[in-house]
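Working notes for the structure below.
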Amino acid sequence: MLLGKTVHDVSRLINETFHWSCIAPLKGKPVRIKATVTEMVRTGYNSIPIVAVISFFVGIILALQAAYQLKRFGALIYVANLVGVSITRELGPILTAIIVSGRSGSAFAAEIGSMKAAEEIDALTSMGINPIRFLVVPKLFALMIMLPALTVVSDFIGIFGGFALSVTLLELHPQSYIQQTLDALLVKDIMTGLIKAWAFGIGITIVGAYQGFQVRGGAEEVGQRTTASVVASIFLVIVCDLFFTTLFYYFT
């Protein structure tokens with residue numbers, strides 16, 4: 001019974017979000033542009049420092065782990081291949097999504113949950129303002145745009161981290177490393193990561209909004225739902241990554 005209600009509530013939320021983001025703008029009810037830009041700054045621009053730092057360290061770690069195995073065969077130059085492909089196809093999108101899940105997905109749940117507990121959602125409805133259009137759609141468009149953008153930043157910084165380690169500790173020639181990276185990377189590697197990031201953005205928004213709207217009590221339940229949104233978002237990101245990785249493996 002509980003599972004059925006959850007599926008029903010999530011389906012209803014997805015249906016209404018799709019309506020207000022895709023169909024309603026064609027009928028003269030446009031997306032709130034200013035609110036979307038504000039959310040883009042909060043979820044995207046303000047996340048750049050933490051994404052950059054973590055991606056840089058991950059690039060270094062990945063290069064070290066690759067070098068540990070490849071130096072046995074005298075093939076240290078292939079560190080560039082492993083770092084470039086791994087970050088663009090997998091680590092860049094998934095690390096960025098996990099960071100955004102903990103930073104922005106939880107904020108979505110907390111904001112909407114606090115409004116629900118304070119009966120502000122009911123007030124919006126009584127004034128004829130749809131809460132999905134007012135609250136969820138700007139967040140959805142913000143993450144659909146900014147998560148791929150953050151992934152590009154993560155890719156560049158992560159590859160630079162591997163490059164920095166390789167040209168210093170491993171003593172590889174900078175030009176050789178860059179050329180090896182360019183030879184290893186394909187357009188489909190980068191596009192695969194960006195498509196994943198776009199899907200992750202949709203999932204994180206839906207999970208955060210759903211947990212926020214499910215608040216029935218006071219501040220304690222807001223905290224519980226916020227925690228639940230982070231756990232569910234990360235789980236969904238991993239499942240979506242598995243789905244897209246399998247899909248791209250068989251059809252590309």
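These values consider heavy atoms only, across backbone and side chains, with no hydrogens, waters or symmetry-generated copies.
- Distance NZ/K29 to CH2/W20: 4.0 Å, rounded to 0.5 Å.
- With hydrogens and angles disregarded, a donor-acceptor distance shorter than 3.5 Å links the side chain of R133 to the backbone of P30.
- With rounding to the nearest 0.5 angstrom, the OG1 atom of T151 is 10.0 Å from the CG atom of L95.
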For T181 and N81, run side-chain contact (heavy atoms from CB on, under 4.5 Å): C-alpha distance rounded to whole Å, both residues' side-chain angles, the deciding distance at 0.1 Å, then the answer. CA-CA 6 Å; T181 300; N81 299 57; over 6 Å; no
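- Using a distance-only test at 3.5 Å, with no hydrogens or angles considered, no donor-acceptor pair links the side chain of S233 to the main chain of V230.
- Inter-residue side-chain proximity for Y250 and T246 is flagged as met; some heavy-atom pair is nearer than 4.5 Å.
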As a quick check of understanding, evaluate side-chain contact (heavy atoms from CB on, under 4.5 Å) for F243 and V239, giving each step before the final call. CA-CA 6 Å; F243 170 77; V239 172; 5.6 Å; no
What's the verdict on side-chain contact (heavy atoms from CB on, under 4.5 Å) for R103 and N46, showing C-alpha distance, side-chain angles and the deciding distance? CA-CA 10 Å; R103 189 180 182 281; N46 293 343; 3.2 Å; yes
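- Counting only heavy atoms from C-beta outward, the side chains of F213 and D9 never approach each other to under 4.5 Å.
- None of I202, L150, T43 except one satisfies the side-chain contact (heavy atoms from CB on, under 4.5 Å) rule with L143; the exception is T43.
- From Q211, atom CD reaches atom NZ of K116 across 12.0 Å, with rounding to the nearest 0.5 Å.
- Y68 and Y177 fall into different hydrophobic clusters, where Ile, Leu, Val, Met, Phe, Trp and Tyr are joined by side-chain heavy atoms under 4.5 Å apart, directly or via other members.
- Across all non-hydrogen atoms, the minimal contact from V207 to A232 is CG1-CB, 3.7 Å.
- Taken together through direct or relayed side-chain contacts under 4.5 Å among Ile, Leu, Val, Met, Phe, Trp and Tyr, V58 and L185 form parts of separate hydrophobic clusters.
- Using a 4.5 Å heavy-atom cutoff, the side chains of K196 and T245 are in contact.
- In plain terms, the two heavy atoms of P174 and V167 that are nearest each other are CA-CG1, 3.7 Å.
- When hydrophobic clusters are built by joining Ile, Leu, Val, Met, Phe, Trp and Tyr residues whose side-chain heavy atoms come closer than 4.5 Å, directly or via intermediates, F160 is grouped together with L170.
- Counting heavy atoms from C-beta outward, I94 and I238 have side chains that approach closer than 4.5 Å.
- Minimum interatomic distance between V83 and G158 (heavy atoms only, all atoms of both residues): CG1-O, 4.2 Å.
- Considering all non-hydrogen atoms of both residues, L172 and L76 come closest at CD1-O, 3.6 Å.
- Judged by distance alone, the side chain of D189 and the main-chain N or O of L186 form a donor-acceptor pair under 3.5 Å.
- The CZ atom of F108 sits 10.5 Å away from the CD1 atom of I206 when rounded to the nearest 0.5 Å.
- Put simply, the side chain of E16 reaches to within 4.5 Å of the side chain of N130, judged on heavy atoms.
- In this structure, R32 contributes its side chain and F134 its backbone to a donor-acceptor pair below 3.5 Å.
- Looking only at side-chain heavy atoms (C-beta outward), I159 and T88 come within less than 4.5 Å of each other.
- A distance-only check finds a donor-acceptor pair linking the side chain of T226 to the backbone of V222 [under 3.5 Å].
- Side-chain contact check for F244 versus T192: every heavy-atom pair is 4.5 Å or farther apart.
- A donor-acceptor pair is defined here as one N or O able to donate and one able to accept, closer than 3.5 Å; no such pair exists between the side chain of S104 and the backbone of S101.
- The hydrophobic cluster containing V79 does not contain F73, counting ILVMFWY residues as joined when their side-chain heavy atoms lie under 4.5 angstrom apart, directly or transitively.
- When atom types are taken as modelled, the side chain of K139 and the backbone of G105 share no donor-acceptor pair closer than 3.5 angstrom.
- A continuous path of hydrophobic side-chain contacts links L82 to L165 [ILVMFWY only; heavy atoms under 4.5 Å].
- The two atoms that bring G59 and I87 nearest to each other are CA-CD1, 4.1 Å, heavy atoms only.
- Here F200 contributes atom CZ and M144 contributes atom CE; the two are 14.5 Å apart, rounded to the nearest 0.5 Å.
- The two residues G212 and I112 have their closest heavy-atom pair at C-CG2, 3.7 Å.
- With a 4.5 Å cut-off on side-chain heavy atoms, V100 and M146 do not count as touching.
- The CD1 atom of I50 lies 9.5 Å from the OG atom of S55; values are rounded to the nearest 0.5 Å.
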